[in-house]
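Following: one structure in C-alpha cells, then a few remarks.
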Amino acid sequence: MTRVPPSHNITQLLAEWREGDQSALDELYPLVYDELHRLARRYMSRERKGHTLQTTALINEAYVRLVGQKNVQWANRSHFFAISAQIMRRILIDHARHHAYAKRGGGAQQVSLEEAAVVTPDQSAELLRLDEALTSLAEMDPRRSQVVELRYFGGLNNEEIAGVLNISENTVTRDWNMARAWLYQQLTGSGAN
Amino acid sequence: MTPERWQQISRIFNAAISLDGEDRAEFVAGECGVDTSLRSEVEKLIDAHSNASAEKFIGGMAAEAAAPLLVGDENLEPARKVLTQGQQFGSYEILEALGEGGMGEVYLARDTRLDRTVALKVLAYEISTDERRMKRFRQEARVASSLNQPNILTVFEFGEVEGLTFLATELVDGKTLRDFLKGKRPKLGDILDIGIQILAALDAAHEAHIVHRDIKPENVMIRDRDRVVKVLDFGLAKVSFTKQSEASEAATEFKTAPGTIVGTIRYLSPEQARGGAVDERTDIWSTGVILYELVAGSTPFGGVTSSHTIVQILEKDPVPLSKLGNAPPELERIVQKAMAKSPDERYQTAKDMLIDLRSLKKRLDVELEIQRTSSPTTMIDAVRTVELRRQRGKERSKKKVLAIALIGMAIVTAAIFGINKWRASRARSNPSVTPTVPAPASERTLTYWITVQKFRDKKPFQNPFTIPGEMIFEEDYQIRLSFSSPQAGHLYILNEGPAATSAPEFNVVFPSPTANKGSSLIAAGQVAQIPEQSWLKFDAQQGTEKLWLIFSEDAVPELESLKEFAGPATQGLVADPARNKVVQAFLNTHSETKSSVEKGERLTTLKTPGNLLVHAIKLEHH
C-alpha cells in the first residue's frame with residue numbers, strides 16, 4: 001500500500017526551508033506576504049478608530065490560517081515568525097513608498113483628504129529612512145539587524161527572539177541596545193559614520 | 001568601519017551602559033586608553049542610547065506607527081480575496097469568486113476528483129478559529145450533509161485545507177428569494193409553490209432534529225431553470241449563535257449592529273427575540289413571515305429601529321392579509337396560524353402546515369383547471385360565464401376532481417414511502433457519532449471506518465462510500481481510514497504488505513508529517529483521518545494487507561521512533577531490517593491481548609481491557 005503524495009503545503013515548505021532549501025522560501029514568501037497584507041488591512045479597517053495593530057496577533061492569525069491550528073510546532077512557528085517579521089517590514093515599506101510617491105504627486109490616483117489627514121508625511125519618510133539604516137546595519141552586523149527586525153517589525157518579545165535566533169535573552173538585550181543606539185545616531189545625524 | 005572595530009565598540013558600549021555615572025566614564029576611559037576616536041565613538045553611542053531610551057525610539061511596533069499607511073491605501077487597491085482564480089485548493093480548482101456572505105467568501109470551483117462544479121464557501125476566520133463554534137459547526141455540517149431532500153442544498157464536503165475551513169455544496173443556478181422578489185409580486189400559485197417547498201425542506205430537517213433558525217428570503221434560493229426551491233445553510237445557521245440563550249444573544253447582535261443585519265431581524269420569532277428556548281416551531285413562524293411578505297409585498301413587522309421591530313414581533317398583531325392583498329382566506333388563516341405569538345398555538349410541525357398548504361394548492365389548481373376548461377371565449381361574456389360555471393362546473397368537474405385526488409393520493413403515498421425509505425437509509429448512513437461517555441480507565445476503545453473511492457481510468461468513479469473494514473479491494477481502489485476514540489491516546493498504524501519474503505516489512509501509515517501534523521497523540525473524540533488530504537492506494541502486490549492499529553494510553557517508544565521513516569524520503573517504509581524485527585516482536589507480544597470487535601454497518605469498534613490495544617485489520621485485495 002502506498003500513499004498518494006499530497007499537494008505542497010505551508011507546513012512542508014517551512015520544514016524544507018528550515019532544512020536549508022532556499023527555493024522553499026521563494027514559494028513561501030508570496031503566500032505569507034498576501035496573507036499578512038490582507039490581514040493587516042482587515043485589522044486596520046476594522047479598528048479604524050483605535051489604530052492599534054497588534055503585530056504578534058496578526059502574525060499568529062496568519063500562521064493559524066496558513067499552517068493550521070493544530071500544528072503549533074515551535075520550530076515551524078519560530079521560522080514563520082522570522083519570515084513574517086521580514087515580510088511585515090516589506091509590507092510597511094511598500095506602503096510607505098507608495099505614500100511618499102503619492103505625496104509627490106505621482107501615481108494615477110489622488111490621495112483622499114481623509115487619508116492625508118491620518119498620515120503625516122513624516123511617518124512614511126521616517127520609516128523609509130529606518131529601513132535604509134537597518135539595511136546598512138545588516139551588512140555590518142546581520143544578527144543585530146535581525147533582532148531589530150523581529151522586535152520592531154515582527155512584534156516579538158526578547159524571549160521569542162532568543163528562541164528564533166537561538167541565542168540567549170541577554171544577548172538579545174545587548175544586541176537591541178547597541179542596534180537601537182546606532183540606528184538612532186543614523187537617523188538623527190548624530191553619528192560619526 | 002571594520003568588523004573588528006564594530007565588535008570592539010559594541011563590547012565596550014554594552015559593558016558601559018550597565019554602569020552609572022562616574023563608574024561608566026572611568027570604565028570607558030580605561031578600556032579605550034589612548035584611542036581617542038574609539039572613545040569618542042563609544043561615548044556618542046552611549047549618548048544615542050540614552051536619548052533613544054528617553055524618546056522611546058522604535059519603542060513600539062512598526063505596524064502601530066505605520067498602521068495609518070495601511071488604512072489609507074485601501075482606496076488605492078481593491079482588497080484581496082482569500083482565494084484567487086485558478087488556484088488549487090485541496091482537490092478544488094477555484095474558477096471564480098461568487099461573492100461574500102456572512103460566514104465567509106463563496107467561490108465557483110471545480111471538484112477535480114469528481115469533475116463537477118460546486119459552490120465553495122470558505123468560512124470567515126472569526127468563525128473558523130472559535131473552537132467551540134467549529135465543533136458545533138462540524139457536527140451540524142455532518143448532519144446537514146446527510147439530509148437528502150431535493151429542497152435542501154446538498155452539502156458535498158466539509159473540510160479544511162491549509163487552515164481554511166470550507167464547505168462544498170451543490171451549485172444552484174438561480175437567485176435568492178430576496179432577489180426573486182425584487183420589483184415583482186409573485187402570483188398566488190408561485191407563492192404556494194415556494195411555501196410548500198420550504199416546508200418540505202423543513203419537514204425533512206425537523207425529522208432529523210435540525211432546526212434551521214434562520215429562515216429568511218436570503219437563505220432560500222430559486223433555481224432559474226425549473227423554479228425548484230433550495231433552502232440554504234441548514235443546520236449551519238445555528239452555529240452563528242452560541243449555546244446559552246442563543247436567541248437573546250442573536251437579538252443583541254442585531255441590536256449592536258444596526259444597518260448591517262436589519263433585514264434579518266424581521267424573520268425572528270417572538271421566542272428568538274425574547275431569548276427563550278427555540279425549537280422547530282421557530283422555523284414555522286419564519287416561514288409564516290415569508291408567506292406574509294410574499295402576499296403583502298412587505299414583512300409583517302418592521303420598525304424604525306431593531307428595538308421597535310422586536311417590540312412589534314413580541315406584541316403587535318400584523319395587519320390582516322385580507323387588507324393588503326387578495327389572498328384567499330385559507331391562506332390568511334394558514335399564515336395567521338403559523339405566526340401565532342405562542343409556539344403552542346402555531347402549527348406544531350412543518351408537516352401539518354405543509355398538508356394545509358398543499359391541499360389549498362390542490363384546491364386552487366382544481367379551480368384553475370375548471371376555469372381553464374370552461375374559460376369564456378370573450379371578455380364580454382366573462383361575468384355571465386362565472387355565473388354559468390357555477391352550475392355547469394358542478395357536473396363537469398366531479399370526474400376531474402376525483403382524478404386529481406387520486407393522483408394526489410398517489411403522490412402522498414409515494415412521498416410517505418420515500419420518507420420512510422429515506423429515514424431507513426438515514427439510519428444506516430449516519431455513521432453514529434463516537435460515544436462521548438468515556439470508557440472505564442482500564443479499557444481502551446477505538447472506532448474506525450474506511451472510506452473507499454473507486455477509480456476507473458484513473459478518475460474517481462461513483463461517490464466514495466464507507467465500510468467497517470472488510471471488503472475485497474481491487475487495485476484501483478483508494479482508501480482513507482478514520483479513527484476516533486472517547487479517550488485520548490497515542491495511535492500508531494503500521495501497514496504490513498502481503499509477505500513476499502519471510503521477514504515482514506512495515507510501513508508507517510500514522511503518524512506521519514501529513515497526518516495529525518506528525519503527532520501520534522489524538523485527543524478524546526477527535527476524528528483522525530488518514531491520510532488527511534489524499535488517499536492510500538493498493539500497489540500491484542496482491543494478497544492480504546494488514547493494517548496494524550496500536551492505540552495506547554502512553555506513547556510507545558518502539559513505535560514513536562519509527563516517525564523518522566514517515567518522511568518523504570522513505571515514504572513510510574521502515575528501511576531497516578533490525579527495526580522491522582523490533583516492531584514484529586512488539587506486535588507478537590501484544591497482539592495476544594484480544595480485543596472485542598463490534599462491527600456495525602459502517603463502523604467497527606474495538607475494545608481491549610488494559611491500556612494498550614493492538615489489532616490488525618485485514619484488507620484483501622485482488
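Chain letters run A, B, ... following the sequence lines, proteins first, then strands; residues in each count from 1.
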Review point. Quick one: what part of S53(B) sits under 4.5 Å from any heavy atom of chain A, side chain, backbone, both or neither?
Key: both
Practice item. Output the distance between atom CD (Q7(B)) and atom CE (M140(A)), rounded to the nearest 0.5 Å. Key: 9.5 Å
Point to revise | Spacing of CG belonging to N14(B) relative to CG belonging to N177(A), to within rounding of 0.5 Å | key: 6.5 Å
Review point. Can you tell if the side chain of D47(B) reaches within under 4.5 Å of the side chain of Q185(A), non-hydrogen atoms only?
Key: no
Exercise for review: Apply the side-chain contact (heavy atoms from CB on, under 4.5 Å) test between I58(B) and each candidate in Y184(A), Y152(A), F153(A); give the one that qualifies.
Suggested key: Y152(A)
Point to revise | Residue pair F57(B), L183(A): steps toward the side-chain contact (heavy atoms from CB on, under 4.5 Å) verdict | key: CA-CA 9 Å; F57(B) 174 66; L183(A) 289 168; 4.0 Å; yes
Point to revise | Structural part of R89(A) lying under 4.5 Å from a heavy atom of chain B | key: neither
Practice item. Would you mind telling me which of I17(B), T2(B), N51(B), I46(B) has the largest number of heavy-atom pairs within less than 4.5 Å of chain A? Key: N51(B)
Check your understanding: Is the closest side-chain donor-acceptor distance between S10(B) and R174(A) under 3.5 Å?
Key -> no
Check your understanding: How far apart are the C-alpha atoms of W182(A) and I9(B), what are their side-chain angles, what is the distance that settles it, and do they pass the side-chain contact (heavy atoms from CB on, under 4.5 Å) test?
Key -> CA-CA 11 Å; W182(A) 187 83; I9(B) 296 172; over 6 Å; no
Practice item. Check A48(B) against A181(A) and note the closest heavy-atom contact, atom names and distance. Key: CB-O, 3.4 Å
